[in-house]
Every structure is written in C-alpha cells, then in structure tokens.
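Take a look at the structure below.
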Amino acid sequence: MIELNDEFRSFVASNRGTAPNVLRLKYHGDKRSWIPLAINHIEGLGKCGRKFIAADGTDFTPQIIARPLSVEQATSAGIGMLHHRLAGEARRVLDMTCGLGIDSRFLAQGRDLTAIELNAELAEAARYNFAEMPNVEIVNGDSTEWLANYRGEPFDLVFIDPARRGDGNTRLYNIADCAPDILSLLPLLREKSNRVMVKLSPMLDITQTIRDLPGISALHIVDERGECRELLAILDFTASFAEPRITVHDEDTEFSYLPSEANDIPCAEYAMPVTGMWLCEPGPGMMKSGRFSLLAKRFGLKEIHKNTHLLLGADKPEGFSGKCRRIEAVYPLSSSSLKTVGKTIGRADVAIRNLPQFTPELLSKRLGIKPGGMRRVVGCTVADGSKALIVVRKDSV
C-alpha cells in the first residue's frame with residue numbers, strides 16, 4: 001500500500017530539476033523505502049511537459065508515476081477528453097489496459113469504471129491516484145482472464161489500448177501482434193460488452209484495418225500537434241453497419257465521411273497556383289485518409305496535382321482539416337529561381353511535395369536559407385507537370 005508522507009513530497013519538490021541518474025547514484029543504499037518511487041516519479045514528471053494539461057488549464061498529471069516509461073505510452077489530456085466524448089452514453093466501462101490511468105480518469109467522468117492492470121506496481125499507483133474517485137475500481141491481474149471469469153451484466157463499453165512493444169522493446173504494429181490480441185478476443189468481447197473502443201497504431205493502413213478487424217462501426221484518425229497520434233476503432237455489437245464512418249480529428253476540426261461517399265467523387269479538378277490564392281495543406285490525419293478529392297469537394301477547392309496532395313482556393317476555407325496560407329509568390333523550379341528566392345525571402349521553413357529528387361534539407365541548401373521567419377517555401381509538382389516553388393506567409397493561417 002502506497003503511503004506518501006511530507007518527507008516524500010519535500011524530496012520530490014526539492015529535486016525535481018535534478019537528473020534521475022544523479023539522484024539514483026546519490027541515494028543508492030538509502031534505507032528509506034520510498035526513495036526509488038520518488039526518483040521514478042521525478043523522472044516521470046520530467047517526461048510530462050504539458051501532455052496532461054487540458055486546454056482549459058486543468059492539470060491531469062497523476063499524483064504518483066511509478067514507471068517513467070508509462071508517461072511516453074500514455075494518452076494526452078486532449079486525446080483523453082476525445083475518448084471521454086466518444087464513449088457517449090456508456091455508464092459502465094471496463095478499461096482492460098489501465099497503465100498510468102489517463103484514459104481511465106477521463107472515461108470515469110460520470111461513469112462507473114473498472115480498470116485492470118497487469119503490473120502490480122502500476123496497479124498500486126493507480127489505486128493511490130484514484131483514491132478520491134469511489135466510482136473507480138482498480139484490479140491487478142490479467143484482463144483477458146478477468147473478463148473470461150466475469151459473470152455480471154455486459155459492460156456498456158470496453159476500452160483497450162494494446163501494448164505495442166515486443167521483445168527487446170521492439171515496436172509492434174499489426175493488430176494480432178499486440179497484447180491483448182483483439183482478434184482472438186472478439187468472441188469474448190461480444191459476449192461481455194455492447195461496444196469496444198480500441199486504440200491502434202497510427203502506422204496501420206485504414207483500409208486494411210477495416211478488413212482485419214470485423215465489426216468496426218467507426219474509425220477515428222486522431223491528430224495532435226502536427227502528428228497522427230492514433231487510430232481509434234469503435235466496434236458496436238448492438239447494431240449492424242453497412243460500412244464504418246471515418247472521422248479525422250485535427251485539433252479543433254473534424255472531417256467525417258463514409259468510404260462509399262469518397263469513392264463516388266468524380267474526376268478531380270486541378271488548378272495552377274497563383275499569387276493571392278490560398279494554399280491548403282491537409283493535416284497528417286487527412287494525409288493518412290488519402291481522401292483529397294472529397295476534401296476538395298467539401299470545401300470548394302481544387303487539387304494542385306494528382307500526387308501532390310495540396311489544394312488551392314480563391315478564399316480561405318473555414319474549418320479545413322489542415323493549414324491554409326495565402327500564396328505570396330510562385331516561381332518555376334530552376335537554378336536561377338533558387339538563387340532569386342533564397343536572396344528574397346531570408347529565413348523560411350521548407351517543405352517538399354511530390355518532388356522525388358529533393359528533400360527539405362537539400363532544397364534549403366540549394367536556396368541558401370535557414371529555418372524560421374514568417375514564410376514557408378513549398379517545392380512541388382503542379383497541375384501541368386512542371387515543378388514550382390510556392391512561397392506562402394505562415395501568419396496567414
């Protein structure tokens with residue numbers, strides 16, 4: 001049973017900025033039983049940053065972090081709030097992979113929650129962290145065995161974030177390779193729950209995921225801070241669905257569609273970039289979805305090239321899933337224009353789209369510029385097949 005005294009809290013407060021390895025060396029052999037936990041907690045706090053701070057400033061950082069690695073594997077506060085919202089009207093929830101307990105904390109808001117954790121140390125820390133929430137029960141054990149032996153009413157929702165690390169800490173991506181194996185669990189999950197929410201690797205292919213995991217009613221592609229963080233599959237056993245709805249979450253925007261809707265889009269319309277137009281770069285989630293023609297149709301935009309994945313508009317599209325910047329200048333990609341652009345714009349960020357012979361680093365070198373400033377240079381292939389440099393203002397987003 002974890003019991004933290006004032007000495008523990010004082011130790012954490014006074015040593016929070018000290019390197020954990022220095023602390024472990026300094027306090028090696030110290031007889032106080034709480035020292036290893038305190039140092040682990042300090043290391044964990046160092047990994048948190050603002051990960052567990054919500055948009056409104058609420059801090060969801062756990063009181064005890066027993067294993068620093070669990071911080072890296074945990075859901076952020078922003079995505080935890082999304083999981084809470086997608087849980088909908090569920091009142092009885094089972095979290096089969098508690099870990100640090102961030103998802104459990106959000107899913108438990110207004111609900112009764114049972115959270116299962118295989119690691120005894122993490123489970124004990126979770127009991128301490130959830131001590132003020134009587135609606136949460138923490139169980140230390142194998143969640144698959146626990147669910148197989150469960151004889152109560154079906155859960156409204158089961159949440160699973162399978163471990164995606166194998167022997168030697170190697171990364172695992174395929175659904176069947178992760179633990180627990182969702183595919184083998186499906187019959188048991190159908191028997192014991194109404195819905196299942198599964199957090200999957202963002203590296204998985206969307207179409208293949210829908211094929212591999214039967215019964216998906218919704219698939220969510222979740223972006224955060226410029227990266228695709230997760231695929232979130234929801235399986236609803238209470239109804240049948242002809243096809244799953246796919247939703248891209250990009251910070252404050254959502255883009256939702258059915259696969260059949262995307263497939264029914266006619267031939268795309270293309271346009272050449274012109275000064276004064278808006279260059280729209282889809283976010284990571286939209287890039288993963290690959291539904292650029294549907295995105296263009298929804299927002300009244302035109303594609304810049306079939307394989308460039310950039311869109312153009314006369315006006316800035318509101319609610320676009322990505323970044324929209326006004327075009328300041330367009331140059332043909334040539335040796336002379338490289339020199340001209342480099343001398344003209346000063347510092348700028350550089351991006352490459354559908355330009356195999358270049359990398360951002362090589363283009364920056366050829367331009368003779370360093371990152372920063374208020375401009376962005378996009379080297380890309382455009383509608384007529386030629387290569388161009390598009391200069392946009394970053395502050396026009």
Cluster question for you: counting only ILVMFWY and a side-chain heavy-atom cut-off of under 4.5 Å, with indirect links fine, are Ile304 and Val378 together? yes

CA sep, side-chain torsions, deciding dist, call: Phe155, Arg195, side-chain contact (heavy atoms from CB on, under 4.5 Å): CA-CA 8 Å; Phe155 287 95; Arg195 284 196 305 151; over 6 Å; no

Closest non-hydrogen atom pair, Ile2 against Glu124: N-OE2, 3.4 Å

Passing option when Leu189 is tested against Asn194, Val196, Leu94 for side-chain contact (heavy atoms from CB on, under 4.5 Å): Val196

Check this for me, if you would: do Glu254 and Arg85 make a salt bridge, where the nitrogen-to-carboxylate-oxygen distance has to be below 4.0 angstrom? yes

Where do Arg366 and Glu361 land on the side-chain contact (heavy atoms from CB on, under 4.5 Å) test, with the steps shown first? CA-CA 9 Å; Arg366 294 284 299 277; Glu361 294 75 19; over 6 Å; no

Apply the test side-chain contact (heavy atoms from CB on, under 4.5 Å) to residues Ser70 and Ile65: give CA-CA distance (whole Å), side-chain angles for both, the deciding distance (0.1 Å), then the verdict. CA-CA 8 Å; Ser70 63; Ile65 301 174; 4.2 Å; yes

Give me the ring orientation class for Phe8 and His41: parallel if the planes are under 30° apart, tilted from 30 to 60°, perpendicular past 60°. tilted

Run Leu338 and Leu389 through side-chain contact (heavy atoms from CB on, under 4.5 Å) and show every step you take. CA-CA 8 Å; Leu338 286 168; Leu389 296 173; 3.9 Å; yes

From CD1 (Ile221) to CG (Leu232), nearest 0.5 Å: 11.0 Å

I'd like to check Lys306 versus Tyr270 (side-chain heavy atoms, cut-off strictly below 4.5 Å). Are they in contact? yes

Got a second to check how far Asn40's CG is from Arg24's CZ, nearest 0.5 Å? 5.0 Å

Lys47 (side chain) donor-acceptor with Glu72 (main chain) under 3.5 angstrom: no

Among the clusters formed by ILVMFWY side chains lying less than 4.5 Å apart, do Ile175 and Ile234 turn up in the same one? no

Under 6.0 Å from the six-membered ring centre of Phe255 and within 45° of its axis: does the NZ or CZ of Arg298 meet both? yes

Can you name the residues that form a side chain to side chain contact (heavy atoms under 4.5 Å, CB included) with Ala388, not counting sequence neighbours? Val330, Val382

Going by the rule side chain to side chain contact (heavy atoms under 4.5 Å, CB included), which residues pair with His305 if we only count those two or more places apart in sequence or in a different chain? Asn307, Thr308, Asn354, Thr381

Determine yes or no for a side-chain-to-main-chain donor-acceptor pair under 3.5 angstrom, with Lys387 supplying the side chain and Gly379 the backbone. no

Asp103 and Thr75 side chains, donor-acceptor separation under 3.5 Å: yes

I need the minimum non-hydrogen distance between Pro180 and Thr144, along with the two atoms involved. CB-OG1, 3.9 Å

Donor-acceptor check, side chain of Asp349 to backbone of Arg376, threshold 3.5 angstrom: yes or no? no

Nearest 0.5 Å please: distance from the CG atom of Asp212 over to the CG atom of Leu204. 8.0 Å

Is the closest basic N to carboxylate O distance between Arg325 and Glu281 below 4.0 Å? yes

Separation of His249 NE2 from Ser256 OG (nearest 0.5 Å): 8.0 Å

Hey, does the side chain of Arg105 reach the backbone of Asn129 with a donor-acceptor pair shorter than 3.5 angstrom? yes

Side-chain heavy-atom pair Ile116, Leu147 within 4.5 angstrom cut-off: no

According to side chain to side chain contact (heavy atoms under 4.5 Å, CB included), who are the partners of Arg190, at least two apart in sequence or on a separate chain? Phe237

Would you say Lys51's side chain and Ala74's backbone share a donor-acceptor pair under 3.5 angstrom? yes

Over all heavy atoms of both residues, which pair between Ser386 and Met272 is shortest? Give the atoms and the distance, please. OG-CE, 4.4 Å

If hydrophobic clusters are built by linking Ile, Leu, Val, Met, Phe, Trp and Tyr wherever their side-chain heavy atoms come under 4.5 Å apart, do Ile42 and Leu4 end up in the same one? yes

How are the rings of Trp34 and Phe11 set to each other: parallel, tilted or perpendicular (split at 30° and 60°)? perpendicular

Joint hydrophobic cluster, Leu355 plus Leu310, side-chain heavy atoms closer than 4.5 Å: no

Short question: side chain of Asn135, backbone of Ala108 - any donor-acceptor pair under 3.5 Å? yes

Under the salt bridge (Lys or Arg N to Asp or Glu O under 4.0 Å) test, which residues partner Glu224, sequence neighbours left out? none

Short question: side chain of Asp250, backbone of Asp223 - any donor-acceptor pair under 3.5 Å? no

Identify the heavy atoms of Arg111 and Ala87 that sit nearest to each other, and give their distance. NH2-CB, 3.4 Å

Can you name the nearest heavy-atom pair linking Thr209 to Ile216, along with the distance? O-CD1, 3.9 Å

Which class fits the ring pair Phe106 and Phe60: parallel under 30°, tilted 30 to 60°, perpendicular over 60°? tilted

Determine, using the 4.5 Å side-chain heavy-atom cutoff (strictly less than), whether Phe241 and Leu186 are members of one ILVMFWY cluster. no

Tyr257 side chain to Ser260 main-chain N or O, any donor-acceptor pair under 3.5 Å? no

Search all heavy atoms of Ser104 against all heavy atoms of Asp95 and return the closest pair with its distance. OG-OD2, 2.6 Å

Only counting residues at least two apart or in another chain, list the ones meeting salt bridge (Lys or Arg N to Asp or Glu O under 4.0 Å) with Arg92. none

Rounded distance [0.5 Å steps], CZ in Arg67 versus CD in Glu121: 7.0 Å

If the condition is side chain to side chain contact (heavy atoms under 4.5 Å, CB included), which residues does Glu227 pass it with, not counting sequence neighbours? Arg229

How many angstroms lie between CG in Leu100 and CD in Glu117, if you round to the nearest 0.5 Å? 9.5 Å

